[in-house]
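One structure is given below, encoded as structure tokens.
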Amino acid sequence: MSSPLFPVELLARPDISPGAKCCAVAILWHCRPADDKLTAWPSNARLAAMLGVSFDTARRYLRELEASGIVRRREDNGRRMLDFMAEGC
């Protein structure tokens, strides 16, 4: 069973790399509930620093999470927002 803050099903997905799973945790750490979803806005540089990886690697993890439906990127008043899509897990 998943917690509202961390869907444990994410850990069991073999199609998601370990680095992208860590990136998901870093994104969740930044999340603030907005409406019925979890929303965050960390920069790629912030994610890279938290994960101890390069900017490009953090961006690759983020793209992996987007491609798998775990994170959705959107713009809000010119600011990049990340919606954590628990149903994508």
Pairs involving residues 40-52, ordered by first then second residue, that meet salt bridge (charged side-chain N to carboxylate O under 4.0 Å, His left out) (sequence neighbours left out): none
Side chain to side chain donor-acceptor pair (under 3.5 Å) partners of R73, counting only residues at least two apart: E66
Minimum side-chain heavy-atom gap R60-V53 below 4.5 Å: no
Over all atoms of both residues, closest heavy-atom pair of K21 and L10: CE-O, 3.3 Å
Results of side-chain contact (heavy atoms from CB on, under 4.5 Å) for A26 - residues two or more places apart only: L47, M50, L51
ILVMFWY cluster, I16 and Y61 together (side-chain gap under 4.5 Å): no
pair C23-E64: side-chain heavy atoms closer than 4.5 Å: no
Salt bridge (charged side-chain N to carboxylate O under 4.0 Å, His left out): pairs with one or both residues in residues 47-58, sequence neighbours excluded: D56-R59
Residue list, side-chain contact (heavy atoms from CB on, under 4.5 Å) with A45, at least two apart or on another chain: S43, F55
Close side-chain approach of L65 and I27, heavy atoms under 4.5 Å: yes
